[in-house]
Amino acid sequence: MLSPDSADDARLPFWKRSHYLDRMDLKQLSVAYFQHYTIMAYLALTALCVAAWFAYPAAALATAGSVLAGVVIYPLVWHLLHQYVLHGRWMWRWKVLAPTWKRIHYDHHQDPNHLEVLFGALHTTLPTIALATLPVGWLIGGAGGAAAAFATGLLTTCYYEYMHCIQHLAFKPKWKWVQTMKQRHVEHHYFDEDGNFGITNYFWDRVLGTYYEKKDRPKRSATVFNLGYDEEVAKRWPWVKELSGGIASGHPRRRAMGKEAAGEPSRHPGAGA
């Protein structure tokens, strides 16, 4: 029997309901994934890019070069943004930027399995994809090259988002490379946020020295769930706390089960996820 809250939730349109990846299987995720407005937007824009390429075609070699540039550039851009913007301790200091940081990353680390805040917000992702791909595509193949590079960035984002969701499902992937990818990402969320910034691969983490395995670090980071935004920080820069209704520093699952107070830091900093 559904609780009153669950019954009310079930009456809502699909994307106004709450979804938690640790309670979903792969089939449920796939259904939810293709109904999310951001994925529909990315796929619709990709179709427009294909139409633009046919209207202003680039040579085959230039098109291939534009696609390759998108594939190579996107992971590096994502890594740098993830490390220095999303995990940089500066956006919360600006009242105008605090709501954006809260929405695009703080909320995700507060509860990594909450699907509604896992997907990137279009007003931040689309300009980023465009800036990372359109100029280089244009230089390589003009309008057609730009369309090809932008489409590559959009499809790469779709792939990233799907794999990101898989990493938060409560199941063990069959493929070894997905298992490894999932383990590194779980460590980023539940052990030490200062590393393993990649989503689908950790090439740039290895190059830039941010790759790690749990055995390489002696204890869990005290800021893994709040990204350094704690009560002391909130005294000076209160906007994220005000928008969030408080600060939660403990393990999300333990908080949901009532075993750890919402504002109480973990008492076992060396414990595993």
Side-chain angles (χ1 to χ4, degrees), residues 20-22 71-92 101 104-114 117-118 120 156-157 159-233 247-257 259-260 264-273:
Y20 292 90
L21 287 162
D22 55 341
V71 169
V72 171
I73 290 171
Y74 187 95
L76 175 60
V77 170
W78 165 250
H79 177 105
L80 295 176
L81 286 173
H82 193 184
Q83 181 175 1
Y84 295 108
V85 177
L86 303 185
H87 282 264
R89 299 186 177 191
W90 56 273
M91 287 186 74
W92 67 54
W101 180 73
I104 62 178
H105 217 56
Y106 176 75
D107 285 351
H108 180 47
H109 273 262
Q110 286 280 281
D111 191 349
N113 296 321
H114 192 193
V117 297
L118 181 148
T156 302
T157 302
Y159 171 66
Y160 264 48
E161 296 285 44
Y162 190 73
M163 297 306 294
H164 191 184
C165 288
I166 285 178
Q167 291 164 1
H168 289 282
L169 289 179
F171 87 115
K172 184 176 181 179
K174 294 181 180 179
W175 292 339
K176 181 68 176 177
W177 65 275
V178 182
Q179 292 177 19
T180 301
M181 182 193 309
K182 179 182 173 76
Q183 184 59 40
R184 298 290 82 79
H185 189 65
V186 166
E187 289 164 354
H188 172 78
H189 270 288
Y190 291 95
F191 197 75
D192 191 338
E193 78 280 15
D194 189 23
N196 293 347
F197 294 105
I199 297 292
T200 62
N201 72 79
Y202 297 93
F203 172 79
W204 288 111
D205 282 287
R206 293 180 185 276
V207 171
L208 299 173
T210 55
Y211 180 84
Y212 78 91
E213 296 181 21
K214 184 177 176 180
K215 63 181 176 61
D216 300 327
R217 301 198 174 182
K219 64 179 182 179
R220 180 192 289 174
S221 165
T223 57
V224 69
F225 300 122
N226 63 28
L227 306 184
Y229 186 83
D230 57 20
E231 294 291 350
E232 286 301 313
V233 171
I247 299 172
S249 300
H251 195 293
R253 191 175 303 139
R254 291 179 60 82
R255 296 200 309 266
M257 295 170 65
K259 294 181 178 180
E260 198 166 272
E264 180 184 330
S266 173
R267 295 179 181 176
H268 304 286

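Every heavy atom of this structure was used, including side-chain atoms; hydrogens, water molecules and symmetry mates were not.
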K.L.:
Look at the aromatic rings of H188 and H185 and report parallel, tilted or perpendicular, splitting at 30° and 60°.
P.N.:
parallel
K.L.:
Are the side chains of Q167 and I199 in touch, meaning some heavy atoms are under 4.5 Å apart?
P.N.:
yes
K.L.:
Is a donor on one side and an acceptor on the other found under 3.5 Å between the side chain of E187 and the backbone of K214?
P.N.:
yes
K.L.:
Quick one: which of H82, H114, H168 gives a ring pair (Phe, Tyr, Trp, His ring centres under 6.0 Å) with H108?
P.N.:
H168
K.L.:
Please tell me if the side chains of Y74 and T157 come closer than 4.5 Å, counting only heavy atoms from C-beta onward.
P.N.:
yes
K.L.:
What's the separation between atom CG in D22 and atom CG in L169, rounded to the nearest 0.5 Å?
P.N.:
9.0 Å
K.L.:
Taking side chain as C-beta onward, heavy atoms only, is S221 less than 4.5 Å from D194?
P.N.:
no
K.L.:
Ignoring hydrogens and geometry, is there a side-chain-to-backbone donor-acceptor pair from E161 to G120 under 3.5 Å?
P.N.:
yes
K.L.:
Looking at CG of N196 and NE2 of H189, how far apart are the two atoms once the value is rounded to the nearest 0.5 Å?
P.N.:
11.0 Å
K.L.:
A side-chain contact here means heavy atoms from C-beta on lying under 4.5 Å apart; do L86 and I104 qualify?
P.N.:
yes
K.L.:
If you compare all heavy atoms of V233 against all heavy atoms of G228, which two are closest, and at what distance to 0.1 Å?
P.N.:
CG2-O, 3.4 Å
K.L.:
Indicate yes or no: at least one non-hydrogen side-chain atom of Q110 is less than 4.5 angstrom from one of V117.
P.N.:
no
K.L.:
Looking at side-chain heavy atoms only, is the closest gap between Y229 and T223 below 4.5 Å?
P.N.:
no
K.L.:
Does R184 count as lying over the ring of Y202, i.e. NZ or CZ under 6.0 Å from the six-ring centre, within 45 degrees of the axis?
P.N.:
no
K.L.:
Short question: side chain of W204, backbone of T210 - any donor-acceptor pair under 3.5 Å?
P.N.:
no
K.L.:
Quick one: pull up CG in L118 and SG in C165 and give me the separation to the nearest 0.5 Å.
P.N.:
4.5 Å
K.L.:
Under a 3.5 Å distance rule, please check whether Y190 uses its side chain to pair with a backbone N or O of P112 as donor and acceptor.
P.N.:
no
K.L.:
Can you say whether the rings of H87 and H105 are parallel (under 30°), tilted (30 to 60°) or perpendicular (over 60°)?
P.N.:
perpendicular
K.L.:
Any donor-acceptor pair under 3.5 Å linking the side chain of H109 with the backbone of F225?
P.N.:
no
K.L.:
With side chains defined as the heavy atoms from C-beta onward, is the minimum distance between V85 and M91 less than 4.5 Å?
P.N.:
yes
K.L.:
Hey, what do you get for OG1 (T200) to OH (Y162), rounding to the nearest 0.5 Å?
P.N.:
14.5 Å
K.L.:
So, taking the atom named CZ in F191 and the one named CD in Q183, what distance separates them when rounded to the nearest 0.5 Å?
P.N.:
11.0 Å
K.L.:
Are the side chains of W92 and Y106 in touch, meaning some heavy atoms are under 4.5 Å apart?
P.N.:
no
K.L.:
Could you check whether any side-chain N or O of Y212 sits under 3.5 Å from a backbone N or O of D192, counting only pairs where one atom can act as donor and the other as acceptor?
P.N.:
yes
K.L.:
Atom CZ of F203 and atom CG of D205: how far apart are they, to the nearest 0.5 Å?
P.N.:
11.0 Å
